[in-house]
Amino acid sequence: MQTLATTPPTVLETRIAALIEADGPIDVATFMTLALGHPTSGYYPAHARLGASGDFVTAPEISQIFGELIGLALADAWRTAGAPAARLVELGPGNGTLLADLWRSTAKVAGFQTALEVHLVETSPTLRLLQAERLAPVERLQWHGDLTEVPADRPLLLVANELFDALPIRQFLKEATGWHEIEVALDADRRLCLGRTARPSPLGAGLPAELPPGSVLELSPAREALMADLAERLRAQGGLALIIDYGEAEPTPGSTLQAVYRHQKVAPLTRPGEVDLSSRVAFGPLARIAREKGLRVFGPLPQGDFLARLGSGLRLAQLVRGATAAQAAALEAGHRRLTASDGMGTLFKVMAVTSWPSLPPGFVAEEAVA
Ligand code: SAH
């Protein structure tokens with residue numbers, strides 16, 4: 001059987017190879033931007049398939065409980081904040097499942113849905129079509145290509161699940177001479193390969209000098225820029241944001257760039273445009289950006305603890321009561337996957353950023369990272 005790596009280059013690999021031939025190697029962030037976002041052959045516009053029959057599966061695709069409880073948590077925070085007219089924003093809504101579940105679960109919260117305008121920030125035209133179909137019941141729904149396009153007037157209730165992990169990262173390799181940036185170059189057969197800059201990178205000055213040669217560290221200017229924009233809005237407009245992703249409080253050495261094709265991990269340069277790329281989110285640098293704006297930051301808290309505190313066990317029991325034996329088994333398996341340590345319960349984390357004085361639902365005091 002032919003492996004992915006030995007198949008002919010994808011359309012996008014050929015384009016990237018031509019670019020490198022003309023202008024020299026590109027950094028990992030540029031590679032990710034092209035592989036995920038190229039308008040005609042990037043993964044999200046051209047090939048993204050989420051769910052059991054697609055390439056990867058996310059929490060809302062696993063269990064309706066996820067979107068339902070996030071909806072109730074946001075509605076609760078909104079009510080405590082005095083029930084203001086607000087903007088509900090989702091960054092990177094995928095199939096629209098989280099928002100569909102959120103909308104259903106909050107239908108009976110008095111005044112909540114009528115107080116909202118709903119904004120989806122989505123770069124992929126194909127996923128926008130799926131979202132429009134899925135979210136037909138949601139009123140006052142608008143799409144934007146970037147958070148900067150969302151009106152800057154009212155408090156925000158924002159959720160981003162597995163969006164930060166898709167934003168580009170830059171990678172650096174420690175050598176005796178300093179931190180060199182890892183690049184995507186061409187090998188003798190004109191296929192993509194990893195290399196590194198001949199000279200140390202100026203960005204290396206901000207990286208720890210004490211790590212041994214061979215260490216890899218990642219930075220994500222794209223994530224930090226998004227966080228800065230979001231934090232400025234929360235400061236000026238007020239509101240609460242829940243950022244949910246896989247990762248850790250602080251960056252850990254090693255490459256975390258991961259490519260997934262039909263639920264299998266493949267090498268990161270394999271078939272660009274046809275595989276999903278992501279990397280672990282380091283929450284600490286994002287938390288510091290928000291705190292510098294005077295916001296309160298909670299977490300990152302393990303997803304399993306967050307969902308349990310929001311009552312996922314009770315919601316599961318409620319759903320199981322009305323289910324057939326087969327449905328009950330599926331509901332229990334989904335809930336287990338979201339909350340168990342050997343599933344997504346520990347690796348995935350939730351960070352809350354807010355301008356509001358009350359404790360965000362699901363969090364307890366003094367959980368903030370340093
Ligand atoms: N939140 C969804 C989907 C996660 S996949 C879920 O939990 O199922 C990542 C999503 O982010 C996709 O919808 C993708 O098209 C979108 N996306 C990727 N890069 C983006 C960017 N820079 N701005 C906005 N959306 C982006």
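Residue numbers start at 1 and run along the sequence shown.
- Listed for the Gln237 side chain is a donor-acceptor partner under 3.5 Å among the backbone atoms of Arg154.
- Thr197 and Glu181 are not linked by any side-chain donor-acceptor pair at a separation below 3.5 angstrom, with hydrogens and angles left out of the test.
- Looking at Ser279 and Arg223, their side chains do bring a donor and an acceptor atom within 3.5 Å of each other.
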* Please assess Arg288 against Glu250 for the test salt bridge (Lys or Arg N to Asp or Glu O under 4.0 Å), listing each intermediate value before the final yes or no. => CA-CA 11 Å; Arg288 287 189 281 279; Glu250 293 303 333; 3.1 Å; yes
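- Interatomic distance, Asp276 CG to Asp165 CG, rounded to the nearest 0.5 Å: 7.5 Å.
- Looking at every heavy atom in both residues, Gln171 comes nearest to Leu257 through NE2-CB, 3.9 Å.
- Closest approach of Ile243 and Phe283 over heavy atoms only: O-CE2, 4.0 Å.
- The closest donor-acceptor contact from the side chain of Trp356 to the backbone of Trp78 lies at 3.5 Å or more, if one exists at all.
- Taking the side chain as every heavy atom from C-beta outward, Leu286 and Val281 approach each other to under 4.5 Å.
- Asp146 and Thr148 are linked by a side-chain donor-acceptor pair at a separation below 3.5 angstrom, with hydrogens and angles left out of the test.
- Closest heavy-atom contact between Ser355 and Leu234: CB-O, 3.4 Å.
- If you check the side chains of Gln113 and Glu139, you find no donor sitting under 3.5 Å from an acceptor.
- Between the side chains of Arg271 and Thr7, a donor-acceptor pair is found at a separation under 3.5 Å.
- Glu248 has no carboxylate O lying under 4.0 Å from a charged side-chain N of Lys349, or vice versa, which leaves the two without a salt bridge.
- Side-chain contact check for Glu218 and Thr256: at least one donor-acceptor pair (N or O, by modelled atom type) lies under 3.5 Å.
- At distances below 3.5 Å, at least one donor-acceptor pair connects side-chain atoms of Arg128 with backbone N or O atoms of Glu122.
- No side-chain donor-acceptor contact under 3.5 Å links Glu274 to the backbone of Tyr43.
- The shortest side-chain heavy-atom distance between Leu135 and Val118 does not fall under the 4.5 Å cut-off.
- Rounded to the nearest 0.5 Å, atoms OG1 (Thr80) and CG (Leu359) are 10.0 Å apart.
- The two atoms that bring Ala166 and Met32 nearest to each other are O-CE, 4.3 Å, heavy atoms only.
- A salt bridge links Asp229 to Arg233: one of the charged nitrogens lies within less than 4.0 Å of a carboxylate oxygen.
- Using modelled atom types, no side-chain atom of Glu68 and backbone atom of Arg104 make a donor-acceptor pair closer than 3.5 Å.
- Comment: Arg190 engages Glu21 in a salt bridge, judged by a side-chain N to carboxylate O separation of less than 4.0 angstrom.
- For residues 299-343, every residue pair satisfying the ring-ring contact (aromatic ring centres under 6.0 Å, His included) rule, not counting sequence neighbours, is listed here: Phe306-Phe363.
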Quick one: do Arg315 and Gln318 satisfy side-chain hydrogen bond (donor to acceptor under 3.5 Å, both in side chains)? Show the steps, please. CA-CA 5 Å; Arg315 179 62 182 138; Gln318 207 178 33; 2.6 Å; yes
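- Formation of a donor-acceptor pair under 3.5 Å by the Arg49 side chain with backbone atoms of Phe56 is not found in this model.
- For Ala231 against Lys293, the heavy-atom pair with the smallest separation is CB-CG, 3.7 Å.
- At a threshold of 4.5 Å between non-hydrogen side-chain atoms, the residues Arg15 and Ser41 count as touching.
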